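Contents: one structure, followed by commentary.
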Amino acid sequence: MSEPLRLGVAGLGTVGVGVVKIIQQKANLLAERSGRPIEITAVSARSRDKDRGVPLDAYGWEDDPAALARRDDIDVFVELVGGDDGPAKQAIEAALAAGKDVVTANKALLAHHGQRLAELAEDAGHVIRFEAAVAGGIPVIKALTEGLAGNDVERVLGVMNGTCNYILTRMENAGLSYEDAFAEADGLGYLEADPTLDVGGIDAGHKLALLAAIAFGTQPDFDAVELEGIGSITIEDIRQAADMGYRIKLLGVAQLTGRGLEQRMSPCLVPAISPLGQLEGGTNMVVLEGDHAGQIVLRGAGAGQGPTASAVMSDVIDIARGTRLSTFGQPARGLRKARPARAAVPAPYYLRMELVDKPGALAKIAAQLGEAGISIDRMRQYGHEATTAPVLIVTHRTTRAALDEAIRGFETTGVLASTPVAIRIEEV
Ligand code: HSE
């Protein structure tokens with residue numbers, strides 16, 4: 001058998017310990033599949049004394065992840081420290097400068113600095129792999145980079161933050177308010193240290209930016225992702241969307257349009273009977289659409305020790321086997337800089353508002369939609385509570401600009417009793 005592949009593992013949190021466990025428990029299997037043993041030479045973490053439930057005595061120790069990255073006795077630097085700057089970035093740069101390949105789970109770092117790091121790696125003949133950065137245990141990077149390499153990708157969409165999906169499904173299934181579902185997710189340890197990463201759509205936006213780069217051969221550009229979190233979704237939105245046959249998801253959508261690359265991470269309605277509509281709890285789902293392969297649906301655990309460590313190991317095994325892929329599926333210096341297009345693709349929209357009980361109130365709203373060139377697909381008015389009544393409207397396909405024009409028009413009618421809520425309906 002060939003020489004062992006020697007790893008330096010930086011970060012011994014949940015995922016790092018998961019990687020150590022797989023390497024310790026499956027040494028034979030990994031060696032058989034890779035054609036060479038996979039070993040850990042040294043590790044690095046914040047505290048040396050902490051009991052992590054796995055034996056670490058056989059490994060060297062470095063306090064500084066960059067020192068680990070530079071060691072002569074490692075071939076691959078496994079970065080599981082996290083953070084879009086600081087020690088993780090410095091250590092990856094040190095690893096590349098010292099001639100190592102890199103495996104990372106760090107979506108934030110790659111979403112912000114992926115282009116430069118990929119160029120740095122590829123110029124020097126090294127690889128950066130990041131299966132664990134997107135949708136945990138779901139092998140979506142491999143599916144896009146390798147499985148769909150012969151396709152023009154038409155659209156990538158999905159639920160890529162399990163915490164948000166947990167909160168939204170608990171609101172719907174248990175009738176909880178957003179605040180109560182958030183507190184429950186917090187109690188279960190689902191939330192990131194900075195919860196806005198989850199509920200603000202930032203974590204999922206990082207993942208979408210990485211998928212879009214591979215799918216469309218463009219430079220990763222997180223700043224161009226249109227972001228909207230789930231904090232303003234109410235139980236009424238969820239109930240009334242359900243009444244019209246939809247469920248609300250924090251949905252990421254990336255597609256190339258004639259006007260540029262559209263990347264959105266925002267609450268959307270999807271048909272309740274669609275695979276995305278049926279996604280429950282803290283699970284992830286990514287849908288890939290290729291011109292030849294058609295629609296591929298991948299579903300699985302988007303976080304957690306086993307799933308994320310499994311994804312890290314798939315990259316390590318690739319390197320052990322001698323598979324050398326460009327970071328984003330094609331040489332980084334050939335990735336195009338895409339023009340960002342905001343909400344360019346027309347879609348049906350769901351509108352919810354309270355109207356006052358006056359003759360012709362509904363007609364005034366319908367007239368504003370007509371003037372903005374928007375056609376109504378379905379409409380429902382509920383019974384009056386005192387002097388106002390909730391009204392739901394599903395439009396035919398329209399642009400966000402036309403919808404905003406209509407909503408500005410609603411405000412001139414004198415019949416609105418609440419600020420209208422507009423949510424895009426994603427056709428899946
Ligand atoms: N916090 C993320 C989630 C997992 O809830 O899906 C890490 O990206």
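If you're wondering where the values come from, they're calculated on a predicted model, not measured in any experiment. Each ligand, and each atom within it, is numbered from 1 in the order the structure gives.
With a 4.0 Å cut-off on non-hydrogen atoms, Asp198 touches ligand 1 through its side chain and not its backbone.
Listed by atom number, the atoms of ligand 1 under 4.0 Å from Lys107 heavy atoms are 7 (C), 8 (O). Residue contact check: Asp203 has heavy atoms under 4.0 Å from atoms 2 (C), 7 (C), 8 (O) of ligand 1.
By the 3.5 Å distance cut-off applied to N or O atoms, Tyr190 is not counted among the residues near ligand 1.
With sequence neighbours left out, Pro307 forms a side-chain contact (heavy atoms from CB on, under 4.5 Å) with Ala301. In this view, Tyr190 and Tyr166 satisfy the ring pair (Phe, Tyr, Trp, His ring centres under 6.0 Å) rule, not counting sequence neighbours.
Between the side chains of Gln305 and Lys21, at least one donor-acceptor pair of N or O atoms lies under 3.5 Å. Between the side chains of Ser266 and Glu226, no donor N or O sits under 3.5 Å from an acceptor N or O.
For atom 5 (O) of ligand 1, the nearest non-hydrogen atom of the protein is Thr163 OG1, 2.5 Å. For atom 6 (O) of ligand 1, the closest non-hydrogen atom on the protein side is Gly162 N, 2.7 Å. Annotation: atom 1 (N) of ligand 1 to nearest protein heavy atom, Glu192 OE2, 2.6 Å.
Checked against Glu192 for a side-chain contact (heavy atoms from CB on, under 4.5 Å), the options Leu197, Thr163, Asn161 give a single hit: Leu197. Checked options Val140, Val312, Thr145; the residue passing with Glu131 is Val140 (criterion: side-chain contact (heavy atoms from CB on, under 4.5 Å)).
Distances shorter than 4.0 angstrom occur between a heavy atom of Lys207 and an atom of ligand 1.
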